[in-house]
2 protein chains.
Amino acid sequence: MVARLTPDQKVACSIHEILILMDAAKGLEVPGETLEAEAKAFFDSAPPLQNSDGITQQLDQFIQRNSSPSTRRIVCVTSGGTTAPLEQRCVRYVDNFSSGHRGATSTEYFLKAGYAVIFLYRKRSFQPFCRSLPDDPLLECFKPTDESNIQVCEAYSEAVKRAVVDHHNAVAGGLLLKLPFNTIFEYLQMLQIIAMSMRCIGPRAMFYLAAAVSDYYVPWKEMVEHKIQSGSHLLDVKLIQVPKMLSMLRKDWAPLAFCISFKLETDSNILLNKAGAALEKYKMDAVVANELSSRKEQVVVVTSAEKVTVQRDKNRSDNVENPLIKLLSEKHAIYIEHSGRCV
Amino acid sequence: MVARLTPDQKVACSIHEILILMDAAKGLEVPGETLEAEAKAFFDSAPPLQNSDGITQQLDQFIQRNSSPSTRRIVCVTSGGTTAPLEQRCVRYVDNFSSGHRGATSTEYFLKAGYAVIFLYRKRSFQPFCRSLPDDPLLECFKPTDESNIQVCEAYSEAVKRAVVDHHNAVAGGLLLKLPFNTIFEYLQMLQIIAMSMRCIGPRAMFYLAAAVSDYYVPWKEMVEHKIQSGSHLLDVKLIQVPKMLSMLRKDWAPLAFCISFKLETDSNILLNKAGAALEKYKMDAVVANELSSRKEQVVVVTSAEKVTVQRDKNRSDNVENPLIKLLSEKHAIYIEHSGRCV
């Protein structure tokens, strides 16, 4: 696609350099060097991540605690959608729909399977152990007994207790580390830090990339500072493609890790082909293919060897994440064994 | 601004008719008939609101309960940001930043001032009585006492109790009706239903329009059905202006109501002029002008007679919404008196 730049656009109006870079790589199979230049341009242009030292320290402690003397497996679960701001002092942004249900539920089953979990989640998305609770559990699950005392409603009593107890045990027990993000800039900067921190555990690391990551963004430096004015009849927003960081993760950030990415489509006709293409292009160990309308009932795990359909056990009011995590955990165990390492 | 349509765009690629309509009204002061045609086009194109009969019934009961035999004032508080979907089976959307803090806090003070409140809020935005609690009050304010019992942490004990008790009393007492939305389509459809339902109480109705409403949208019928594919290097999203429904509210939906709108800007240099222009253009009774960085400290209430700066009382760890609602409630009382009606 040829970029047509119109000089009077208020947004992303002078993205020439990056577009030239991208046009050079138009043949889809982006050569490594170009991707690295794109990734560098993305990170250089991003606003600095707040508290990055603190995050690195938390990660190092968490990984250390779960590595020595034990050799626990550690998974980084990403969850929820990322935002692409349209203004520096952000009022408007492009967002991806994702409740974070998949990531939160999977986190519970990973913990059950003996993993330590780094949960990289969108602020205000679903949290582990809370999936059977209403949106606003404090206001909806509790009631007053008199003017100054409250109690949990009987219908939610067990679910509320389990949420608080299980969540607390996982966090206080050092098995669950929660790191929140909002923007695509924060997400990718944090994913990079996490991956670099997890390099030391080699194949015992898993990435389970369930977050709905923006495909497009406006580079920070090209963004208008103030709120876009609403005088015009038409708003024309030009966004450029986010560099394919899955390749960076696989190649540079954590080359020994077991990597699972997700493919969500609304059109089932193109889903499996797209999942297969992603598997090959980004050299993932598996791609979980899910279709928007049936994603809570079934998914297909696509690997280079096979396509396995995983379904929710309807008789046991189960979640599809239960058999999915079992399958991936088994595949990860085989992967570690084959890698012939014991880090 | 002249619309340049590029035939190969995937989104909003054939919005000719609406643009012709809008071009005809380019002189900014939209003639009534054109606005009505635009509004009609918006509603005709919107996906049908789910459970609209149920909402109307809830509203009628709520208004009836607060109108007879009492003559309580009723305010519709709108809160949070609206989304403008980019795909019919929505994965991506343009969103407006708004935590909903202003609307939720104002609701508390309106209740305190004796109003009944219809709280039209974005799902997962801030809720009344919860502003001093952390993002995730269940997981952050409670702790286990043993493997199967929980209690509230002492630091949050009072805030948690007050939230549950005060919220419950307002809802169960028939003084607070909560109606959630996500999209700009849902928001405007619900606002219209609410306004029509409130016509019967004449000047006793107030609209306090604190929601951050999308200025631009993609008409439903022009939207692609499936997820936009990420193959292109550039995504060009063309959105058209949302019809100025404030004029419809003022003119047709609830002509006797006391109407307050909000103007948020990040650039303080243009704020008051824009607020003044909105006051005149939409014939609001007052416009609350707020600047993004200082909005929790002070706002300016702009009316045709004056500009009143309202500040938070810092010595009393107060909110700016406290003096703001006092001022507006007084102005509303005078408005009712002057209207010479007792509905």
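Lettering of chains follows the sequences in order, A, B, ..., and the numbering in each one begins at 1.
Heavy atoms only, all atoms of each residue included: A:R162 and B:E147 are closest at NH2-O, 3.5 Å. The shortest non-hydrogen separation linking A:F142 to B:F142 is CZ-CZ, 3.6 Å.
Interface residue A:N169: only side-chain heavy atoms are found under 4.5 Å from chain B. Both the backbone and the side chain of A:D95 come within less than 4.5 Å of a heavy atom of chain B. Interface remark: A:C141 contributes no atoms to any contact with chain B (heavy atom separation under 4.5 Å). Contact annotation for A:Q127: only side-chain heavy atoms (C-beta onward) come within less than 4.5 Å of a heavy atom of chain B. The contact between A:S125 and chain B is made entirely by backbone atoms, counting heavy-atom distances below 4.5 Å. Interface residue B:D136: only side-chain heavy atoms are found under 4.5 Å from chain A.
With values rounded to the nearest 0.5 angstrom, B:Y217 atom OH is found 13.5 Å from A:L235 atom CG. How far CG of B:D236 is from CG of A:L239: 8.5 Å, rounded to the nearest 0.5 Å. With rounding to the nearest 0.5 angstrom, the NE2 atom of A:H167 is 8.0 Å from the CD atom of B:E140. Taking OG of A:S99 as the reference point, atom NZ of B:K123 lies at 12.0 Å (rounded to 0.5 Å).
Chosen from A:S148, A:A212, A:S293, the residue pairing most often with chain B at heavy-atom distances under 4.5 Å is A:S148. Between chain A and the residues B:V171, B:V164, B:I150, B:L138, the largest count of heavy-atom pairs under 4.5 Å involves B:V164. When each of A:L139, A:D135, A:L133 is checked for heavy-atom pairs under 4.5 Å with chain B, A:L139 comes out on top.
Using a 4.5 Å heavy-atom cutoff, the side chains of A:K161 and B:N149 are in contact.
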